[in-house]
Amino acid sequence: VNLRNFLYDEKTKILYGLDFEECAVCGMMVPAARVAAYIRTYKPENTLLKQEISQYILKLFAQSCGLDVDTLFRESGRQEAKLLERRKNR
């Protein structure tokens, strides 16, 4: 997942996320958490605006997908740690 993998349909107001490199069958928890983690870690990293957007998106995912918001926030933190570890090891 990265921020280039999204298509927005202005007519229907629907945002589509596409990632053919990491395609797998899964629930919404991990992909939603990854999106928020990527938002926070794009340079410049962890700005106040990015943190606010990340929180907003996580709350929307929780609400629309019936996910526990606290669990989703924790998973997003785990996804961020994994992302930063992968970047460090490149």
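Positions are given from 1, in the same order as the sequence printed here. Keep in mind it's a predicted model, so treat the numbers as computed, not measured.
Tracing side-chain contacts under 4.5 Å through hydrophobic residues (I, L, V, M, F, W, Y), one never reaches Ile39 starting from Leu84; they form parts of separate clusters. There is a path of hydrophobic side-chain contacts, each under 4.5 Å, that joins Phe73 to Leu49. Residue Val30 is not grouped with residue Tyr38 when hydrophobic side chains (ILVMFWY) are merged at heavy-atom distances under 4.5 angstrom, including chains of intermediate members.
To the nearest 0.5 angstrom, Thr47 atom OG1 is 14.0 Å from Tyr42 atom OH.
Counting only distance, with no hydrogens or angles, the side chain of Lys82 and the backbone of Arg34 share no donor-acceptor pair below 3.5 Å.
Across every non-hydrogen atom of Ser76 and Ala36, the tightest pair is OG-CB, 3.5 Å. A pairwise comparison of heavy atoms in Met29 and Thr71 identifies CE-CG2, 3.8 Å as the closest pair. When all heavy atoms of Ala37 and Leu83 are compared, the pair lying nearest together is O-CD2, 4.2 Å.
Considering only residues two or more places apart in sequence or on other chains, Thr41 meets the side chain to side chain donor-acceptor pair (under 3.5 Å) condition with Arg87.
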Which pairs would a plain distance check flag for residues 51-67, meaning a side-chain donor or acceptor within less than 3.5 Å of a matching protein atom at least two apart in sequence or in another chain?
unit_1 : atom_1 : unit_2 : atom_2 : d
Gln51  : NE2    : Asn46  : O      : 3.0
Ser54  : OG     : Arg40  : NH1    : 2.6
Ser64  : OG     : Leu60  : O      : 2.9

